[in-house]
Number of protein chains: 2
Amino acid sequence: MTLKKKPVTGMKDILPFEMEIRDYVIRLIKETYGTFGFSSIETPCVEHLANLNSKQGGENEKLIFKILKRGKKLKINEAKSEFDLTDEGLRYDLTVPLSRYYSNHANELPSPFKALQMGNVWRADRPQRGRFRQFMQCDLDILGEPGNLAEIELILATTTLLGKLDFKNFTIRINDRRILKAMADYSGFDEDTYDTVFIILDKMDKIGPDGVEEELKKEGFDHNSVSKYMNLFQNVTEDISGVKYIKETLGEFLEQEVVEGLTAIIETVDTLKSASFKIAFDPTLVRGMSYYTGTIFEISMDEFGGSVGGGGRYDEMIAKFTGNKVPACGFSIGFERIIMLLMEREFKIPDASVKKAYLIEKNMPSAQMTEILEKASKERESGISVQVCMMKKNKKFQKEQLNMEGYDEICEFFTDTI
Amino acid sequence: MTLKKKPVTGMKDILPFEMEIRDYVIRLIKETYGTFGFSSIETPCVEHLANLNSKQGGENEKLIFKILKRGKKLKINEAKSEFDLTDEGLRYDLTVPLSRYYSNHANELPSPFKALQMGNVWRADRPQRGRFRQFMQCDLDILGEPGNLAEIELILATTTLLGKLDFKNFTIRINDRRILKAMADYSGFDEDTYDTVFIILDKMDKIGPDGVEEELKKEGFDHNSVSKYMNLFQNVTEDISGVKYIKETLGEFLEQEVVEGLTAIIETVDTLKSASFKIAFDPTLVRGMSYYTGTIFEISMDEFGGSVGGGGRYDEMIAKFTGNKVPACGFSIGFERIIMLLMEREFKIPDASVKKAYLIEKNMPSAQMTEILEKASKERESGISVQVCMMKKNKKFQKEQLNMEGYDEICEFFTDTI
């Protein structure tokens, strides 16, 4: 009986070459965020369907891999819909499980709690290049810290990580949901149309200001409001003076503390940054998830035509899950995109261990074999990777292969040479 | 809306305290087997049901978490059985996915291929203390090496790992399927009853030789055969002379190369071992999985009343999956059991980074905050973990909590102290 050789649709086997980079990045993430006081946690990959279908997941709720009930609970004949057949599913993000985890263990956790969660998530998306149905997510969250310290630490930690991975010239774009709202309010849009306005605004980097203006008008918004709105974006700069301009223009439409907070974050990050990046105020930054309540941010990288991570403050969400209000701020890193970028630029792992190969002649007497393995043990103890293999007939080819795998030094052992 | 706080039945949230140990052990596993030339690989958690139900998984095939078909493929009204509703499932071990992986990528992989696979597996077992429905497995496999080198390297690498984790006085019990068979053959059992004989023999450590003898007789086996069989076990010792005794007694019932192989493995491991353990010939060692073809081994640890890992040679299995015969030898480490043992003895991670906490007075001016964070940055760059938090009203309690989390050094920052 031969079996299906390919992985299931949309999921992938990871070859040793890629795994080395993934393992290195995982180690670096744990280490870097560790120095910032983050603790690793883990939640099960399987979650209650009731929790997954809690409306926090947006479109992702349509993409859940659902798990069949088992034993007596499964009644196929009586089943009318999927809900009769399933009660658990694979998680589509790490935010829902984090909320459940926090509500289950708040008493056992420090406050504030700085969590690092890395793990696979599953979405039954249409498979396409570079997009898989199982992929690794990496979330950092600070629960219980209401002030800017959370934003500053999240941005500093994440940019430190990217700097260690040799990423340069990227931009942290930052905005605040409350600025988004104040700008819409000031321009005269009705509150119940904000979402529509923001969905169109979000296209700014694709269709430009003219495109946004046109779409807003096409949607039937008042032309005066649209002009007033577009004018705001035209005059704003991406540095601190941009924030100042917004503050002065919007006046009492915008709370003073929002401006102060954003200014403090931008200034502090700018002073302390260790990597080579820019932090830029971007009043067009929307971020899709509706649960954000304050600061929002995103990492833009020129090498990659999009975001490689982002996040923001979501002070209301934990309460929806647990009943208790807990200030929260999070950053989700695009782990798979970062790996893809590193692979594309043939990233070399710094301080990778020395790799040696021992080739042993066939039928080596046991005593001599022991001596060779003893030599290997000593080298391994000192941190060197030693690949011990039996010599093949086509030794030239074997050595070429070993070279390709990174075994630069090859030692040959023959029965009579020791 | 409040949601379910507990994880799904039989699965667990992992708290920071346990995660630190898990992360350390994972790092140590990758590092240690890395020096032995093993490469990390990863396979999707979701596998074709056809592959999972291939009869290689034994009883585990009854415990599969099956995933509901989606979209047009799902026809609830027409469904008669589970098979109509599902075509994928969560893997219950790492061996089936490894076989699929190897057959899919053999051309891209070195030969021999030394694979390290760590990942979660799922079994819908009845939940019980210390046994979960999602758990981490850690498998080492050498594919394409027909000789003893595979066994020796697997045992040396694994015992080196256990030594680094401070495990002492454990035993590697070793046997060979062909010795098991030869002993049954010599005693006069019919070949088609071997499985029954071995299932009873496997109970030796629980019911003792008298119990085994009694059960064999109760099963209806010839009393002469049973006596002859029991006599073999009575006279065998667990060192090399035990192997020699078996060889001399069984004569031509046992191939010479089996004895030579086992002797070479035991002697080489005994000479080269770096950790404090014993390698012992155990002719009562059976190991359940029927796919083993040669050497079999298991790690016994007194602290834990059972095996914390084991494996053996399975030269026929890959062919069943792929059609091509590939010699194979593997070791599966009881990752969860090792973590449990480390937690029980309050394992301290060696060389854990220094942990400091900074407590900052409320309403610290932004410029001064920046100075404090700059100090933190410098300490973090040097590898120290710095937890920066706002000072709470109950500072005494806050400091006690931080101490409990391992932050031994606490620095307080007040607005006027810089």
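The sequence lines fix the lettering, A, B, ..., with proteins before strands; numbering per chain opens at 1.
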Interface moiety of Lys6(A) toward chain B, non-hydrogen atoms closer than 4.5 Å: both
Is chain A contacted by the side chain of Leu109(B), its backbone, both, or neither, given a heavy-atom distance below 4.5 Å? side chain
Measure distances from Val354(B) to the heavy atoms of chain A and classify the residue's part below 4.5 Å as side chain, backbone, both or neither. neither
For His48(B), is it the side chain, the backbone, both, or neither that has a heavy atom closer than 4.5 Å to a heavy atom of chain A? both
Is Glu153(A) salt-bridged to Arg380(B), cutoff N-O under 4.0 Å? yes
Chain B heavy atoms under 4.5 Å from Ser353(A): which part of the residue, side chain, backbone, both or neither? neither
So which part of Ile76(B) gets closer than 4.5 Å to some heavy atom of chain A, the side chain, the backbone, both or neither? side chain
Go through the atoms of Thr271(B) and report whether side chain, backbone, both or neither lie under 4.5 Å from a heavy atom of chain A. side chain
Side chain, backbone, both or neither of Ser111(A) within contact of chain B (heavy atoms, under 4.5 Å): both
The interface call for Leu116(B) against chain A, heavy-atom contacts under 4.5 Å, is neither
I'd like to check Gln134(A) versus Cys45(B) (side-chain heavy atoms, cut-off strictly below 4.5 Å). Are they in contact? yes
Considering only heavy atoms, which portion of Leu402(B) lies under 4.5 Å from any heavy atom of chain A: side chain, backbone, both, or neither? neither
For Ile26(B), which atoms come within 4.5 Å of any heavy atom of chain A: side chain, backbone, both, or neither? neither
Segment of Met369(B) engaging chain A (4.5 angstrom heavy-atom cut-off): side chain
Would you mind checking which part of Phe113(B) comes under 4.5 Å of any heavy atom in chain A, side chain (CB onward), backbone (N, CA, C, O), both or neither? side chain
Under 4.5 Å heavy-atom distance to chain A, tell me which part of Lys114(B) shows up: side chain, backbone, both or neither. side chain
CA sep, side-chain torsions, deciding dist, call: Ser40(A), Asp23(B), side-chain hydrogen bond (donor to acceptor under 3.5 Å, both in side chains): CA-CA 8 Å; Ser40(A) 283; Asp23(B) 280 344; 3.3 Å; yes
Gap separating the OG1 atom of Thr35(B) from the CD atom of Gln387(A), nearest 0.5 angstrom: 10.5 Å
Name the region of Lys392(B), side chain, backbone, both or neither, that has any atom closer than 4.5 Å to a heavy atom of chain A. side chain
Is Asp13(A) close to chain B through its backbone or its side chain, or both, or neither, when contacts mean heavy atoms under 4.5 Å? both
Can you tell which part of Arg70(B) gets under 4.5 Å to a heavy atom of chain A, answering side chain, backbone, both or neither? side chain
Which answer fits Gln401(B), side chain, backbone, both or neither, if we ask what part of it has an atom under 4.5 Å from a heavy atom of chain A? neither
Measure Phe17(A) against the heavy atoms of chain B and call it side chain, backbone, both or neither at under 4.5 Å. neither
Can you tell which of Glu379(A), Lys355(A), Lys356(A), Arg100(A) has the highest number of heavy-atom pairs within less than 4.5 Å of chain B? Arg100(A)
Segment of Glu82(A) engaging chain B (4.5 angstrom heavy-atom cut-off): both
Go through the atoms of Val96(A) and report whether side chain, backbone, both or neither lie under 4.5 Å from a heavy atom of chain B. neither
